[in-house]
Student: 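Have a look at the structure that comes next, please.
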Amino acid sequence: MSRNVLTVEDLKVTIHGQPVVDGVGFHVAEGEILSVVGESGCGKSMTAFAVMGLLPAVARLESGSIRLGDVDLTTLAEKKRRKLRGDDIAMIFQEPVASLNPLMKVGRQIEESLIVHRNLDSAETRRVAIAMLEEVGIPEPALRFEQYPFELSGGMCQRAMIAMALICRPKLLIADEPTTALDVTIQAQILELMKRLRDTTGTTILLITHDMGVVADMADRVAVMYAGRIIEEAPVDAIFTRQEHPYARLLLSTIPRLDGTPKTVLPTIEGTVPDIGEWPAGCRFNPRCPLADRQCVERHPPLAPRADAGAAACWHSDKVGAML
């Protein structure tokens with residue numbers, strides 16, 4: 001059995017006293033890709049920022065543990081945690097152009113982690129950085145090394161971000177919507193690159209997305225988030241075959257099908273994710289759920305085991321398969 005690279009337990013993050021991540025727990029094994037999915041506002045990115053120790057100033061880590069291997073990151077001083085970032089744990093952010101420094105050459109930004117975490121001379125850092133640019137599929141890497149971010153396309157900027165994240169061969173890579181701003185062709189290339197690098201380097205990946213097509217192509221396991229909580233988790237094949245929470249069922253039903261009836265209205269989930277501070281009592285999905293009854297309004301269901309090494313938090317999990 002592979003050891004867990006990342007273990008998160010009972011994580012709670014608040015903004016101005018209101019929870020945005022509420023009791024989240026999951027693990028990611030060595031070499032595994034865990035995809036965290038859900039609509040915008042469910043707490044996916046805030047969970048990732050908590051793991052990285054990069055919460056915004058208005059957010060506060062209230063409780064829980066975040067272990068990288070055997071090390072609880074929440075107990076580390078910021079100086080020690082900073083040494084892990086870029087070395088043992090790295091992150092690809094949603095907007096590569098916004099995340100790169102426009103006043104610094106791309107090569108210098110990629111070298112930065114090597115300078116901080118590796119005792120290499122300038123010639124060697126340059127050689128390693130150019131080799132990394134080539135590894136992530138950037139043409140003419142020596143030329144791109146000397147260019148600024150605005151001189152690169154969106155796809156190249158994303159590849160440069162991946163090169164920055166992987167330059168020190170981290171144990172854990174967090175990818176937060178890594179292909180959202182890219183066209184379909186570049187998206188496919190980036191996803192294939194991430195899988196290839198996982199296979200060749202053994203890097204564990206926590207992939208955050210709302211694109212279920214990306215999940216089907218990339219993930220080994222899936223955790224579905226809603227209103228700050230994980231409401232279902234299962235191996236990827238199992239969750240596409242059978243869902244035991246209505247939200248997961250409806251989320252998957254919104255995927256357009258090639259064998260569907262032409263010129264029909266695409267399925268949607270009625271309503272929106274409630275704002276923080278406005279989460280309902282009981283199951284937080286109950287205002288939008290077609291199966292909701294009095295029990296759902298009054299009591300939040302526990303995350304109960306599924307038969308396939310997964311878990312779901314629903315009082316009516318036995319009825320979910322017949323919803324649509």
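Just so you know, these numbers come straight off a predicted model, no measurement behind them.
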Student: Apply the test salt bridge (charged side-chain N to carboxylate O under 4.0 Å, His left out) to residues Glu232 and Arg306: give CA-CA distance (whole Å), side-chain angles for both, the deciding distance (0.1 Å), then the verdict.
Tutor: CA-CA 9 Å; Glu232 187 159 11; Arg306 289 173 40 136; 2.4 Å; yes
Student: Contact between His245 and Pro301 at the side-chain level, heavy atoms closer than 4.5 Å - yes or no?
Tutor: no
Student: Please identify each residue that fulfils salt bridge (charged side-chain N to carboxylate O under 4.0 Å, His left out) with Lys319, with sequence neighbours left out.
Tutor: none
Student: What residues, two or more places apart in sequence or in another chain, satisfy side-chain hydrogen bond (donor to acceptor under 3.5 Å, both in side chains) together with Gln109?
Tutor: none
Student: Would a distance-only check, ignoring hydrogens and angles, find a side-chain to backbone donor-acceptor pair under 3.5 Å from Arg249 to Gly321?
Tutor: yes
Student: Give a yes or no on whether a salt bridge exists between Glu78 and Lys80, defined as a side-chain N under 4.0 angstrom from a carboxylate O.
Tutor: no
Student: When you compare the side chains of Thr74 and Asp72, does any donor N or O come within less than 3.5 Å of an acceptor on the partner?
Tutor: yes
Student: If we only count heavy atoms from C-beta on, is the Leu76 to Leu84 side-chain gap below 4.5 Å?
Tutor: yes
Student: Heavy atoms, side chains only, cut-off 4.5 Å: are Leu206 and Phe26 in contact?
Tutor: yes
Student: Using side-chain hydrogen bond (donor to acceptor under 3.5 Å, both in side chains) as the criterion, list what pairs up with Glu140, not counting sequence neighbours.
Tutor: none
Student: Is it the case that Thr204 and Glu30 place a side-chain donor and acceptor less than 3.5 Å from each other?
Tutor: no
Student: Under 3.5 Å, which donor-acceptor pairs link side chains of residues 112-124 to any protein atom two or more places apart or in another chain?
Tutor:
from: His117; atom 1: ND1; to: Lys83; atom 2: O; distance (Å): 3.2
from: His117; atom 1: NE2; to: Arg85; atom 2: O; distance (Å): 2.9
from: Arg118; atom 1: NH1; to: Asp87; atom 2: OD1; distance (Å): 3.1
from: Arg118; atom 1: NH2; to: Asp87; atom 2: OD1; distance (Å): 3.1
from: Arg118; atom 1: NH2; to: Cys168; atom 2: O; distance (Å): 3.0
from: Asp121; atom 1: OD1; to: Ala123; atom 2: N; distance (Å): 3.3
from: Asp121; atom 1: OD1; to: Glu124; atom 2: N; distance (Å): 2.7
from: Glu124; atom 1: OE1; to: Arg127; atom 2: NE; distance (Å): 3.2
from: Glu124; atom 1: OE2; to: Arg127; atom 2: NE; distance (Å): 3.4
from: Glu124; atom 1: OE2; to: Arg127; atom 2: NH2; distance (Å): 2.7

Student: So which pairs with a foot in residues 204-227 pass ring-ring contact (aromatic ring centres under 6.0 Å, His included), sequence neighbours left out?
Tutor: Tyr226-Tyr247, Tyr226-Phe285
Student: Does Phe150 sit in a hydrophobic cluster with other residues, and if so which ones, taking ILVMFWY side chains as linked at heavy-atom separations under 4.5 Å, directly or through other members?
Tutor: Tyr148
Student: Is it the case that the side chains of His300 and Arg229 hold a donor-acceptor pair, with the cut-off being a distance below 3.5 Å and no angle test?
Tutor: yes
Student: Which pairs pass side-chain hydrogen bond (donor to acceptor under 3.5 Å, both in side chains) with one or both residues in residues 152-166, sequence neighbours excluded?
Tutor: Arg159-Gln189
Student: Glu134: which residues meet the salt bridge (charged side-chain N to carboxylate O under 4.0 Å, His left out) condition with it, sequence neighbours left out?
Tutor: none
Student: Does Met212 reach the side chain of Leu251, with side-chain heavy atoms less than 4.5 Å apart?
Tutor: yes
Student: If a pair satisfies side-chain hydrogen bond (donor to acceptor under 3.5 Å, both in side chains) and one of its residues is in residues 269-284, list it, with sequence neighbours excluded.
Tutor: Asp22-Arg284
Student: Please report the interatomic distance OG1(Thr200) to CG(Leu166), rounded to the nearest 0.5 Å.
Tutor: 9.0 Å
Student: With sequence neighbours left out, what residues match Asp10 under salt bridge (charged side-chain N to carboxylate O under 4.0 Å, His left out)?
Tutor: none
Student: Are any of the side-chain nitrogens in Arg288 or Glu39 under 4.0 Å away from the carboxylate oxygens of its partner?
Tutor: yes
Student: With sequence neighbours left out, what residues match His316 under side-chain hydrogen bond (donor to acceptor under 3.5 Å, both in side chains)?
Tutor: Asp293
Student: With sequence neighbours excluded, give me every side-chain hydrogen bond (donor to acceptor under 3.5 Å, both in side chains) pair touching residues 43-54.
Tutor: Ser45-Gln94, Ser45-Asp176
Student: Ignoring hydrogens and angles, state whether a donor on the side chain of Thr125 or Glu111 is under 3.5 Å from an acceptor on the partner side chain.
Tutor: yes
